[in-house]
Protein chains: 2
Amino acid sequence: MDKTLLKLKALADRNRLRIFGALTQYEELCACQITELLQVSGATASRHLAILVTAGLLKSRKESRWVYFSLDESCDGMDNILDWLLPRLRQFDQIHGDFEVLDGIMAVSKEDLCRQQRGEACCPVQKTETTDG
Amino acid sequence: MDKTLLKLKALADRNRLRIFGALTQYEELCACQITELLQVSGATASRHLAILVTAGLLKSRKESRWVYFSLDESCDGMDNILDWLLPRLRQFDQIHGDFEVLDGIMAVSKEDLCRQQRGEACCPVQKTETTDG
DNA sequence: TATATAATTAGCCAAACAACTAATTATATA
DNA sequence: TATATAATTAGTTGTTTGGCTAATTATATA
């Protein structure tokens, strides 16, 4: 039961569900992109990602200094999880917001993204703000 | 997202998963039977059941003093949840243990069960103990 | 080889959660 | 109508969890 419970606990958190949702939209995302999406510290994002990997829901690969995360296709029962989860995720405002934000994040190089996260205010992300305020 | 998250949180607890599992085996169980299965206080069982009902996974009906719980067939996506969960639950020792315990519980009248739970040691449950100790 | 950097781990704190006992509610019956 | 009883709600307590900052690890590069 513990593996099943581990998967359920891993998904039973808003931010981790958002990570999972993001990875149904983009094949692969690196830690700094997830950090940017969730608007939490890198440490927090890293811990959430570790929980999802430990549960067997995500896999990661390291390429030089970057670590990329993706859905673990080999996860036993992943198809059934997606059957249940996908139509639900598509239904929710926050996830749609995430998808839009992600598009913005992907339009920026990881280098600039990380520079930004360090507070070096060079190369600002072009925010798609409405100017009706 | 909150309804989806609510369902995931509801299932992401060992005792609640056991309740859910029990109800895949027995169409309908009353609160005192669940209490007996989990070996927790009636208040604790009641709270777990309330969480599952609130999440839309279980429904309940009251019949005189007894409250009966069952899987909520009308729960949106219940089939998909079961597709994922059933083969996993069947795999685990604790759930199989639960099924055996449940058989014992169902062999006793609810009246006797509750008497027992109140400490009135009349009409003992026939435990299927092996006598090799 | 010293420095910069992406990610993780360690250590801390506040909020959420699961358990308990006691009190309350709703129903049946003497 | 007073009493018993099944279930729930209220209130308390210890544990788990999710967030942070600081320290560490692994990799690239000046």
Side-chain angles (χ1 to χ4, degrees), chain A residues 2 5-6 8-19 28-55 58-69 105 108-120 122, chain B residues 2 5-6 8-19 28-55 58-69 105 108-120 122:
Chain A
D2 299 287
L5 209 46
L6 209 62
L8 286 167
K9 279 178 192 286
L11 289 172
D13 172 86
R14 176 178 302 273
N15 279 341
R16 290 197 293 273
L17 201 54
R18 290 172 70 196
I19 293 174
E28 192 172 71
L29 292 167
C30 89
C32 64
Q33 293 167 326
I34 301 283
T35 299
E36 186 66 21
L37 173 67
L38 300 185
Q39 291 288 300
V40 295
S41 73
T44 295
S46 187
R47 204 171 47 76
H48 282 309
L49 287 162
I51 289 168
L52 286 162
V53 168
T54 301
L58 301 189
K59 59 184 180 350
S60 67
R61 69 182 180 88
K62 186 159 191 171
E63 185 180 310
S64 84
R65 265 178 299 186
W66 313 88
V67 179
Y68 295 90
F69 296 86
I105 289 171
V108 179
S109 75
K110 287 188 291 297
E111 285 77 7
D112 282 352
L113 198 60
C114 288
R115 239 190 301 281
Q116 236 197 326
Q117 286 173 1
R118 268 181 276 120
E120 299 172 24
C122 133
Chain B
D2 299 286
L5 210 46
L6 208 62
L8 285 167
K9 280 179 192 282
L11 289 172
D13 172 87
R14 176 176 303 273
N15 279 340
R16 290 196 292 271
L17 201 53
R18 291 172 69 197
I19 293 174
E28 190 172 73
L29 292 167
C30 87
C32 65
Q33 293 167 326
I34 301 283
T35 299
E36 186 66 22
L37 173 67
L38 301 184
Q39 291 288 299
V40 294
S41 73
T44 296
S46 186
R47 203 175 48 78
H48 283 309
L49 286 162
I51 288 168
L52 286 161
V53 169
T54 301
L58 302 189
K59 60 183 177 354
S60 67
R61 70 181 180 87
K62 186 157 190 172
E63 186 179 310
S64 84
R65 265 178 298 186
W66 313 89
V67 179
Y68 295 90
F69 296 86
I105 289 172
V108 180
S109 76
K110 285 187 291 298
E111 283 77 8
D112 283 351
L113 199 60
C114 288
R115 240 190 300 281
Q116 236 197 329
Q117 287 173 0
R118 269 181 275 122
E120 300 171 24
C122 133

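Proteins come first, then strands; the chains are lettered A, B, ... in the order of their sequence lines, and each starts at number 1. Reckoned from all heavy atoms, side chains included, excluding hydrogens, waters and symmetry mates.
Atom CZ in B:R115 sits about 14 Å away from atom P in D:dA4, given to the nearest Å. Atom P of nucleotide D:dA6 and atom CG of B:L29 are separated by 17 Å, given to the nearest angstrom. One interatomic measurement links the two molecules: OH of A:Y68 to P of D:dA26, which rounds to 20 Å at whole-angstrom precision. Regarding B:R14, its CZ atom lies at a distance of 11 Å from the P atom of C:dA19, rounded to whole Å. Atom C1' of nucleotide C:dA7 and atom CD of A:E36 are separated by 16 Å, given to the nearest angstrom. B:D13 places its CG atom 12 Å from the C1' atom of D:dT16, with the value rounded to the nearest Å. In this entry the distance linking CD of A:Q33 with P of C:dA6 reads 12 Å, nearest Å. Going from atom NZ of A:K9 over to atom C1' of D:dG18 covers 14 Å, rounded to whole Å.
Here D:dA4 is the nucleotide among C:dA7, D:dG18, D:dA4 with the atom lying nearest to any side-chain atom of B:R65. The side chain of A:W66 lies closest to C:dA6, out of C:dA6, C:dA19, D:dA7. Comparing D:dA6, C:dA7, C:dC20 against the side chain of B:V40 picks out C:dC20 as the nearest. With D:dT9, D:dC20, C:dT8 as the choices, the nucleotide that has an atom nearest any side-chain atom of B:S46 turns out to be D:dT9.
Heavy-atom nearest nucleotides on DNA chain D were determined for B:C114 and for A:I51, and the one closer to the 5' end corresponds to B:C114.
Across all strands shown, D:dA30 is found opposite C:dT1 as a Watson-Crick or G-U wobble partner, with both distances under 3.5 Å. D:dT13 and C:dA18 make up a base pair, with Watson-Crick or G-U wobble contacts both under 3.5 Å. With both pairing distances under 3.5 Å, C:dG11 is matched to D:dC20 as a Watson-Crick or G-U wobble pair.
Here the shortest heavy-atom pairing between A:R16 and A:L52 reads O-CD1, 3.9 Å.
At a threshold of 4.0 angstrom between heavy atoms, the contacts of A:A43 include nucleobase atoms, whether or not backbone atoms are also involved. Using a 4.0 Å heavy-atom criterion, one finds that B:S64 contacts the sugar-phosphate atoms exclusively. Backbone-only contact: A:K62 has heavy atoms under 4.0 Å from sugar-phosphate atoms and none from a base. Contact annotation for B:R16: backbone-only contact, meaning every heavy-atom pair under 4.0 Å involves sugar-phosphate atoms and none involves a base. The residue B:F69 sits close only to the backbone: its heavy atoms come under 4.0 Å of sugar-phosphate atoms, none of a base. Backbone-only engagement by B:R118 is indicated by non-hydrogen atom pairs under 4.0 Å involving sugar-phosphate atoms exclusively.
When side chains are defined from C-beta on, B:K9 does not count as touching B:L6, because their heavy atoms never get closer than 4.5 Å. Side-chain contact between A:L58 and A:I19 is present, with heavy atoms from C-beta onward closer than 4.5 Å. With a 4.5 Å cut-off on side-chain heavy atoms, B:R115 and B:R118 count as touching.
A donor-acceptor pair under 3.5 Å is absent between the side-chain atoms of A:S46 and the main chain of A:G42, judged by distance alone. The backbone N or O of B:L113 lies less than 3.5 Å from no partner atom in the side chain of B:E36, so there is not a single donor-acceptor pair.
The shortest distance between the side-chain N/O atoms of A:T44 and the OP1/OP2 oxygens of D:dC20 is below 4.0 Å. Using a 4.0 Å cut-off, some side-chain N or O of B:R47 falls inside it from OP1 or OP2 of C:dA18. For D:dC20, the OP1/OP2 oxygens have a side-chain nitrogen or oxygen of A:S41 closer than 4.0 Å.
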